[in-house]
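Written out below as structure tokens is the structure these notes cover.
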4 protein chains.
Amino acid sequence: MSPRRKEQVEEIRLKSTQLIVDAALNLFAHQGFYRTTISQIAKQAGISKGLIYNYFASKEQLLEAILDQAMHTGDEVLETLQSPEMDPELALDQAIDQIFDLVKANPIYWRLITALSFQEDIISKYKTKLEKHGQDNLTRLTSLLVKMGVDNPEMEAMYLAASLDGILLHFINFQAHYPIEEMRSFLKIKLRNTQNQT
Amino acid sequence: MSPRRKEQVEEIRLKSTQLIVDAALNLFAHQGFYRTTISQIAKQAGISKGLIYNYFASKEQLLEAILDQAMHTGDEVLETLQSPEMDPELALDQAIDQIFDLVKANPIYWRLITALSFQEDIISKYKTKLEKHGQDNLTRLTSLLVKMGVDNPEMEAMYLAASLDGILLHFINFQAHYPIEEMRSFLKIKLRNTQNQT
Amino acid sequence: MSPRRKEQVEEIRLKSTQLIVDAALNLFAHQGFYRTTISQIAKQAGISKGLIYNYFASKEQLLEAILDQAMHTGDEVLETLQSPEMDPELALDQAIDQIFDLVKANPIYWRLITALSFQEDIISKYKTKLEKHGQDNLTRLTSLLVKMGVDNPEMEAMYLAASLDGILLHFINFQAHYPIEEMRSFLKIKLRNTQNQT
Amino acid sequence: MSPRRKEQVEEIRLKSTQLIVDAALNLFAHQGFYRTTISQIAKQAGISKGLIYNYFASKEQLLEAILDQAMHTGDEVLETLQSPEMDPELALDQAIDQIFDLVKANPIYWRLITALSFQEDIISKYKTKLEKHGQDNLTRLTSLLVKMGVDNPEMEAMYLAASLDGILLHFINFQAHYPIEEMRSFLKIKLRNTQNQT
DNA sequence: AATGAATGAGCGTTCATTCAT
DNA sequence: CATGAATGAACGCTCATTCAT
């Protein structure tokens with residue numbers, strides 16, 4: 001009965017937290033936040049209801065932790081985009097790849113965020129951040145398209161953003177049945193053509 | 001002193017039904033089905049909770065009535081698409097116009113259906129129908145693109161469908177701030193270019 | 001549009017009242033008072049909910065009207081029992097016949113009253129009256145048995161009352177399947193034997 | 001600090017279950033099933049409404065648990081009746097004693113079951129079982145009376161069953177005021193006489 | 001750190017009752 | 001006399017949260 005060492009405690013906390021977050025993420029993404037109960041999360045995580053409240057003050061804060069994690073993952077990826085002076089065509093290809101890879105790696109995050117974007121009450125806290133994200137991406141795309149000498153770069157950027165989101169929406173909803181890789185290639189070809197038309 | 005005439009009763013019923021459906025539609029679309037309570041609907045509609053149950057057997061059946069109405073509205077518009085032997089370019093333009101007009105006329109229906117597509121439990125009854133719709137539209141688009149002599153019409157159709165849904169998704173989320181008409185024109189131009197490339 | 005004559009009005013009132021009472025009696029007797037709704041009664045009676053409140057101030061008062069009617073019917077029959085100086089054996093036979101006939105004529109009244117005797121809240125108002133009834137019957141039976149020179153007439157009377165209620169209980173529950181007439185004859189034979197034993 | 005041991009939990013569960021069942025049994029038996037609310041049961045049991053649903057999935061299943069328990073108690077007693085080759089007179093006495101003892105030990109069970117026998121909707125699940133019980137008892141009584149050489153044993157058995165139920169019905173309704181023991185003795189004497197008449 | 005029994009606010013729903021027509 | 005749309009209190013039930021162990 002010697003006291004646990006600090007690292008052991010920390011390790012246990014991390015493991016439990018991850019169990020809870022994973023279970024909650026899946027349930028939130030597929031059933032929605034309100035439809036998912038704390039009991040379901042506990043059962044799915046293989047722990048007790050009470051334990052969840054050792055790590056998260058409330059169901060809402062559990063969601064926020066998940067969203068923060070999702071945002072952070074997204075931020076990391078998209079920061080790289082900022083990167084250097086690079087051929088704009090390649091940069092655009094890379095940007096698209098990053099988004100596709102991001103969503104393919106964690107479609108569930110994407111699903112959750114998209115679903116929550118229809119829940120006006122919950123998302124309000126994140127709305128500003130999400131909108132800023134969207135705006136940033138749009139600006140970035142526009143500037144790349146400018147560099148590429150494309151006509152009407154603002155509209156092209158909005159159109160590209162919409163197409164991207166549409167493809168990802170379909171991917172999220174049809175999952176394995178969706179030819180996501182073919183669409184990625186096709187999108188790149190389209191961009192190439194856009195450029196050539198000018 | 002004498003009881004109301006049948007038409008009077010019918011008129012009252014229609015009015016109340018509409019009050020309820022309108023209130024419910026708005027709340028469901030903006031807060032989600034589970035977040036919306038019967039009390040909220042009643043308050044928004046300016047009636048009592050109990051009255052809702054004079055017209056709808058349950059909260060779920062209220063949703064179904066709304067969805068049926070939405071589907072029906074959608075069906076009506078898209079039937080016309082079937083129509084005649086027409087220049088495929090014009091037909092495609094018309095198809096796009098119909099979808100844009102449909103969503104612009106009732107963005108809230110579109111918002112509700114899109115939001116519900118993330119609620120696995122509720123949508124199951126409608127999933128089949130929605131998927132059939134999506135598939136039909138794809139087939140239709142593909143055949144039009146074939147007539148137009150476009151290369152790789154299957155991929156073009158999927159890409160067009162994704163772009164369309166992406167644009168409408170953005171429109172739903174940004175509403176008045178979104179340049180929906182510009183996007184409509186731009187989309188048509190894009191299609192024109194696609195054709196010319198071949 | 002001449003005003004209805006008083007008798008016409010009264011006739012209509014009587015007819016409606018009877019429709020309501022009949023419907024309510026059947027439903028109360030088979031489903032219980034609390035399980036039966038005003039809507040069910042109205043539907044069964046072929047009238048509107050509102051009309052019931054033209055004749056009865058509340059659901060409870062409708063029940064009371066029915067019980068009063070049942071009691072009254074019972075009283076009428078049992079009053080005759082009081083009657084003259086008659087051979088006690090015949091008087092007892094007659095008393096038994098009266099009860100059997102009463103229950104056979106309106107088993108539903110009996111069923112309702114028996115069922116309600118288990119509902120402490122409702123019956124309280126009638127409990128006194130019912131108990132008095134029971135006590136009166138017991139006294140009457142006892143005095144007849146005394147006249148017949150039976151040993152231990154008090155216990156014989158209680159036993160007879162219990163047997164009677166037991167038979168009627170079984171009759172109510174099994175209805176047509178129960179050999180009520182055979183039991184009536186058998187009961188009389190038993191009484192004859194009781195007498196002979198002394 | 002550490003969670004409760006399994007046995008501790010089980011003990012707590014048993015205690016709570018019993019509190020709920022006891023409260024519900026009394027209320028159901030005296031007010032009827034539909035008149036009794038979950039809130040009343042919780043208040044009577046000294047617990048919260050919600051706790052009831054930790055142990056019983058619904059009000060109906062709470063009733064079923066009580067009825068199963070009642071049936072089981074009854075079954076246990078009546079099995080002994082089956083027993084050996086014994087003097088039929090003694091066997092009959094014993095059978096009567098068992099039923100009297102059973103009802104005297106748990107009059108509330110008897111009251112509940114009798115009351116429910118008037119609720120057509122609820123009892124249906126148990127009706128078959130109860131009818132079988134009644135039929136079995138009748139058969140048993142008849143065969144004993146046959147062994148005793150009684151005339152017309154079928155009618156005697158039905159009459160005895162009715163008398164028994166009548167006595168118990170009166171006992172249930174008058175409780176302490178009813179001379180149940182005197183009735184038991186008297187019933188046995190009656191049976192003795194029946195036999196002697198042949 | 002971990003459990004799960006316990007709570008109670010609030011949900012969807014029912015239904016006796018009212019009242020304008 | 002007769003209707004049925006409308007109300008709201010109260011029901012059965014759910015579930016986020018607390019806390020003794």
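Taking only side-chain atoms of C:Thr37, from C-beta outward, the nucleotide of E:dT21, E:dA1, E:dA16 with the closest atom is E:dA16. For D:Ile38, the listed nucleotide lying nearest its side chain is F:dG12; candidates were F:dA6, F:dG12, E:dA5. Checking F:dA16, E:dA5, F:dA2 against every side-chain atom of C:Ile12, the shortest atom distance belongs to F:dA2. Nearest to the side-chain atoms of C:Ser48 among the listed nucleotides E:dG4, F:dA2, F:dA6 stands F:dA2. For D:Ser16, the listed nucleotide lying nearest its side chain is E:dA6; candidates were E:dT3, E:dA6, E:dA9. Nearest nucleotide to the side chain of B:Ser58, out of E:dT13, E:dA1, F:dG12: E:dT13. The side chain of D:Lys59 has F:dC13 as its nearest neighbour among E:dA6, F:dC13, F:dT21.
Here F:dT7 presents its P atom at 14 Å from NZ of B:Lys43, a figure rounded to the nearest Å. Separating the NZ atom of D:Lys6 from the P atom of E:dT3 is a distance of 12 Å, rounded to the nearest angstrom. C:Leu51 places its CG atom 15 Å from the P atom of E:dT17, with the value rounded to the nearest Å. Protein atom CZ of D:Arg5 is 19 Å distant from nucleotide atom P of F:dA20, rounded to whole Å. Between the C1' atom of F:dA2 and the CD1 atom of C:Ile47 lies a distance of 9 Å, rounded to the nearest Å. Atom CZ in D:Phe56 sits roughly 12 Å away from atom P in E:dA6 (whole-Å rounding). E:dA5 atom P lies 5 Å from atom CZ of D:Arg13, rounded to whole Å. For the pair A:Lys49 NZ and F:dA20 P, the computed distance is 17 Å after rounding to whole Å.
The side chain of D:Tyr53 places no N or O atom within less than 4.0 Å of a non-bridging phosphate oxygen (OP1 or OP2) of F:dT14. Between D:Ser39 and the phosphate of F:dA10, there is no side-chain N or O to OP1/OP2 separation shorter than 4.0 Å. Dashed line: the shortest gap from a side-chain N or O of D:Tyr55 to OP1 or OP2 of E:dA6 is under 4.0 Å.
Within the 3.5 Å criterion, the main-chain N or O of C:Asp68 finds no donor-acceptor partner in the side chain of C:His72.
Looking at which nucleotide of DNA chain F each of D:Glu60 and B:Ile52 is closest to, the 5′-most match is held by B:Ile52.
When both pairing distances are held under 3.5 Å, F:dT14 makes a Watson-Crick or G-U pair with E:dA9. The nucleotide F:dG4 finds its pairing partner in E:dC19, both defining distances of the Watson-Crick or G-U wobble pair being shorter than 3.5 Å.
Taking each heavy atom of C:Thr114 and C:Ile172 in turn, the nearest pair found is OG1-CD1, 4.1 Å.
Within the model, atoms CD of D:Gln119 and OH of C:Tyr34 stand 11.5 Å from one another, a figure rounded to the nearest 0.5 Å.
The side chain to side chain contact (heavy atoms under 4.5 Å, CB included) with B:Leu67 is formed by just one residue from the set B:Leu130, B:Leu25, B:Leu116; it is B:Leu116.
Using a 4.0 Å heavy-atom distance criterion, D:Thr36 is classed as a sugar-phosphate-only contact.
Between A:Arg13 and A:Glu7 there is no salt bridge, since no side-chain nitrogen of the basic residue lies less than 4.0 Å from a carboxylate oxygen of the acidic one.
Counting heavy atoms from C-beta outward, C:Asn26 and C:Gln31 have side chains that stay 4.5 Å or more apart.
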